[in-house]
Amino acid sequence: MLEVKDLHVTVEGSEILKGLSLTVNAGEVHAIMGPNGAGKSTLSAVIAGKDGYEVTSGSITFEGRDVLEMEIEERAQAGLLLGFQYPVEIPGVKNIYLLKAALNAQRVARGEGEIPAPEFMKLVKEKINFMKMDSSFLQRAVNEGFSGGEKKRNEILQMLVLQPKLAMLDEIDSGLDIDAMKVVAQGVNSLRDPERGILIVTHYQRLLDHVEPDVVHVLVDGRIVKSGDKDLALELESRGYDWLVEESAA
Amino acid sequence: MASQEMEQLVRREYKQGFVTDIESDTMPPGLDENTIAFISHKKGEPEWMLEWRLDAYRQWLKMTSPSWAHLDYPPIDYQAISYYSAPKKPEDRPQSLDEVDPKLLETYEKLGIPLHERAALAGVAVDAVFDSVSVTTTFKEKLSEAGVIFCSISEAIRNYPELVKQYMGTVVPKGDNYFAALNSAVFTDGSFVFVPEGVTCPMELSTYFRINAANTGQFERTLIICEKQAQVSYLEGCTAPMRDENQLHAAVVELVALEDAYIKYSTVQNWYPGDEDGKGGIYNFVTKRGDCRGDRSRISWTQVETGSAITWKYPSCVLRGKDSVGEFYSVAVTNNRQQADTGTKMIHIGENTRSTIVSKGISAGRANQSYRGLVKIGPRAKNARNFTQCDSLLIGDQCGAHTFPYQEIGNSTATVEHEATTSKIGEDQLFYCQSRGISEEDAVNMIVNGFCKDVFQELPMEFAVEAEALLNVTLEGAVG
Ligand SMILES: Nc1ncnc2c1ncn2[C@@H]1O[C@H](COP(=O)(O)OP(=O)(O)OP(=O)(O)O)[C@@H](O)[C@H]1O
Ligand SMILES: [Mg+2]
């Protein structure tokens with residue numbers, strides 16, 4: 001469903017992605033690992049449409065559509081959803097209001113019409129319970145004063161409510177305590193579906209112990225230098241990245 | 001999103017009000033004692049009123065225009081202004097909504113203005129179109145049953161001279177400030193409300209007023225009196241855009257609350273702000289003051305200001321009575337070249353007096369906005385308390401927000417708290433919302449409305465809904 005081909009991306013004059021290719025099919029869970037600064041967040045940001053990234057060559061298509069031609073909100077409406085590494089705070093806007101606005105925007109774009117309020121409340125209640133979050137989070141301003149872990153749970157909550165076709169999760173596991181890690185992993189697993197693709201950016205095997213990936217990629221210096229199955233992640237855990245960095249330089 | 005785009009986003013064309021070039025019964029420009037005598041005569045006023053006006057005029061002549069505000073505008077030529085224009089005759093007005101600019105109608109629609117009010121707001125000759133007269137009559141009957149007097153200030157001067165004499169100018173004295181003095185000399189219209197002892201006004205004073213507001217003069221004068229234990233909620237202005245050929249507006253509003261009385265005064269102001277360069281916009285210099293004269297009385301100002309090229313306005317409360325309460329809730333939006341210098345004064349005189357100030361300022365484009373608040377605690381104001389919350393939201397990076405909190409504390413038992421924040425609608429916030437499928441425009445609206453929530457919830461229900469819609473329309477357009 002997602003196809004990235006020979007993608008070159010420049011940020012403020014320097015090339016960050018240097019010919020990256022990646023294919024995610026429906027039903028698959030992909031993990032992207034790699035050293036700090038390799039370009040993992042850049043990749044997900046470019047797919048989501050963040051400003052300030054110049055695509056100098058290459059392409060991104062999602063279900064046959066040229067993603068680079070789509071507005072940010074159109075990408076989300078088409079089912080591409082990014083869970084942020086650093087979710088932003090929006091004072092004054094209630095969490096539940098954002099959820100509802102987002103869901104309705106997506107539904108309206110798909111021609112489904114807005115969700116009736118009781119149905120929405122039921123849906124949100126179910127999902128928030130699943131994420132073991134207190135319902136008071138719905139009434140609080142988006143991410144405002146949330147702890148690091150609470151922000152991450154909130155990102156997954158949005159995924160569960162919005163039900164994207166392709167979920168991209170950027171370091172959704174960083175800053176989580178052990179229990180929260182399990183809850184977040186459960187959330188991600190509940191998204192697993194033959195119709196859905198999942199792309200996880202992570203540094204740790206911990207998350208992958210709970211969410212078993214179908215494919216593991218290693219991103220080094222703007223390129224995917226190695227792909228393999230879940231065992232590749234285990235290998236990285238024990239050997240680090242140096243051997244791959246050398247291999248790719250050779 | 002680049003800041004240029006951000007600017008694009010907030011740039012919007014004013015949904016223009018109705019303009020007509022049919023001549024009305026207008027006095028030639030110029031101001032002297034004859035002008036004032038003419039106005040007074042046209043209004044059929046008694047001699048004492050004319051004397052009152054002339055006294056104000058003589059004081060005004062000795063005053064100079066205030067220069068302390070954070071505003072920038074060319075000097076006003078008071079001799080170039082015409083001070084009297086009779087209401088338009090029905091035959092000179094559009095005869096039906098079909099003759100009205102469809103754009104304006106579209107705006108009314110977006111704002112959810114009730115159908116029967118649209119015609120009046122658009123300046124349509126009301127009698128020809130619908131039965132607002134009977135609506136008005138029903139209102140009047142209900143009010144008079146309750147003993148409430150609600151009429152134009154001119155009528156009040158003729159029919160209730162004793163009440164007017166007793167109260168007018170006691171809250172805002174004739175020579176209070178430059179613009180108040182000018183208003184006292186030349187005011188042509190406005191409202192008068194009197195709620196007798198123990199009476200709660202049976203309705204919000206809004207609809208009736210809004211219909212009349214279509215012909216609001218440039219020098220309005222409003223006087224509201226609540227006797228002991230009386231209550232009233234008064235709604236001024238409307239969210240519908242209004243165009244006015246008069247560039248200068250200098251209104252005076254006086255509120256008097258006796259023991260245990262409560263006056264709630266809500267304003268939504270959306271006058272023409274001028275084009276992108278600020279040309280043609282209204283200058284709005286208003287003096288609004290409430291006097292909590294009786295013990296346990298309460299006066300509450302709520303305002304949503306989105307219009308005008310220049311706004312100079314500080315609704316204030318004088319807390320004279322023991323345990324009296326003053327409140328000020330404000331949302332001010334400035335865009336393009338708009339300038340606003342607004343805020344409030346809370347003057348604590350009596351014991352245990354309390355005041356709350358919540359001010360939300362939104363600046364976009366190249367607009368400038370200042371909050372100026374004075375909290376003054378007099379020597380007798382034992383245990384007086386004030387809480388001030390003053391927040392600014394910036395959209396884009398060419399606009400400005402300034403906060404000038406003044407405190408004069410003359411009693412050591414007083415508690416005065418001030419909190420202030422300035423935030424920016426960040427590109428990160430917009431990206432976050434957009435990446436959830438919400439359009440840029442909706443994201444801005446969502447953030448702005450969230451920012452203003454504390455104030456909107458103070459507005460009467462029907463106004464709150466309109467105010468929210470107004471902000472959306474105000475910041476609408478020109479995305480991408
Ligand atoms: N706006 C920017 N301006 C300049 N450099 C940038 C910008 N955004 C990203 N970069 C650079 O691009 C490189 C890749 O950053 P990116 O955030 O994609 O890395 P990452 O793989 O997600 O790293 P981490 O594991 O630390 O999250 C880094 O060197 C970073 O400094
Ligand atoms: Mg990253």
Side-chain angles (χ1 to χ4, degrees), chain A residues 44-53 70-110 139-144 151 154-155 157-159 161-164 167-168 170, chain B residues 1-9 331 333 358-362 389-397 419-457 468 471-472 475 479-480:
Chain A
S44 55
V46 170
I47 296 173
K50 193 171 163 73
D51 235 40
Y53 297 83
M70 294 158 79
E71 297 291 336
I72 307 167
E73 60 268 28
E74 284 177 334
R75 302 179 193 201
Q77 289 158 3
L80 265 171
L81 207 62
L82 172 61
F84 284 74
Q85 181 171 0
Y86 303 109
V88 53
E89 303 191 356
I90 312 179
V93 176
K94 277 186 190 175
N95 215 11
I96 187 156
Y97 191 74
L98 177 83
L99 272 175
K100 193 170 176 190
L103 182 61
N104 279 333
Q106 298 196 9
R107 286 174 60 117
V108 169
R110 293 195 297 261
Q139 301 304 323
R140 284 172 64 178
V142 177
N143 292 319
E144 195 182 33
K151 284 182 183 168
N154 201 40
E155 291 293 292
L157 173 67
Q158 292 182 10
M159 294 276 168
V161 171
L162 298 173
Q163 297 281 321
M168 298 183 283
D170 193 357
Chain B
M1 189 172 59
S3 69
Q4 205 184 349
E5 277 176 63
M6 186 85 92
E7 202 181 291
Q8 276 271 309
L9 176 67
V331 166
V333 187
V358 178
S359 161
K360 305 274 181 178
I362 300 162
Q389 171 82 46
C390 185
D391 300 322
S392 309
L393 184 68
L394 305 178
I395 306 179
D397 44 23
E419 285 177 14
T421 66
T422 299
S423 52
K424 228 175 137 166
I425 294 196
E427 302 187 353
D428 293 357
Q429 292 175 328
L430 290 180
F431 176 62
Y432 189 82
C433 296
Q434 283 178 277
S435 74
R436 265 74 190 122
I438 299 167
S439 74
E440 201 169 50
E441 201 171 300
D442 289 346
V444 169
N445 289 340
M446 196 166 76
I447 295 170
V448 167
N449 281 313
F451 177 76
C452 300
K453 195 179 52 194
D454 295 349
V455 173
F456 284 172
Q457 69 194 19
E468 199 163 314
L471 252 65
N472 295 355
L475 295 167
V479 173

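By convention in this document, chain letters (A, B, ...) are assigned in the order of the sequence lines, proteins followed by strands, and residues within each chain are numbered from 1. Just the heavy atoms: all of them, side chains too, but no hydrogens, waters or symmetry mates, feed the values below.
Contact of A:Val142 with chain B is made through the side chain alone, with heavy-atom distances under 4.5 Å. At a 4.5 Å heavy-atom cutoff, A:Asn104 makes no contact with chain B through either its backbone or its side chain. The contact between A:Ala101 and chain B is made by backbone and side chain atoms together, counting heavy-atom distances below 4.5 Å. Both the backbone and the side chain of A:Pro87 come within contact range of chain B, each with at least one heavy atom under 4.5 Å from a heavy atom of that chain.
Here the CD atom belonging to A:Glu71 is positioned 8.0 Å from the CD atom belonging to B:Glu440, to the nearest 0.5 angstrom. Considering CZ of B:Phe451 and CD1 of A:Ile90, their distance stands at 14.5 Å, rounded to 0.5 Å. The distance from the CD atom of A:Glu73 to the CD atom of B:Glu441 is 10.0 Å, given to the nearest 0.5 Å.
Of the candidates B:Ser435, B:Ser439, B:Cys433, A:Ile72 forms a side-chain contact (heavy atoms from CB on, under 4.5 Å) with just one, namely B:Ser435.
Counting heavy-atom pairs under 4.5 Å between each of A:Glu74, A:Gln77, A:Gln106, A:Lys50 and chain B puts A:Lys50 at the top.
Within 6.0 Å of atom OH in A:Tyr53, more than 12 heavy atoms from other residues, nucleotides or ligands are found, so the atom counts as buried in its surroundings.
Note: A:Phe84 and B:Tyr432 have tilted aromatic rings, judged against thresholds of 30 and 60 degrees for the angle between ring planes.
Across all non-hydrogen atoms, the minimal contact from B:Arg436 to A:Leu82 is NH1-O, 2.7 Å. Taking all atoms of both residues into account, the shortest heavy-atom contact from A:Ala105 to B:Gly437 is CB-O, 3.2 Å.
Residues A:Leu98 and B:Ile438 meet the side-chain proximity criterion, which asks for heavy atoms closer than 4.5 Å. Side chains of A:Tyr86 and B:Asp428 form no contact here, defined as non-hydrogen atoms less than 4.5 Å apart.
Panel note: side chain B:Gln429, backbone A:Val88; no donor-acceptor pair is recorded below 3.5 Å.
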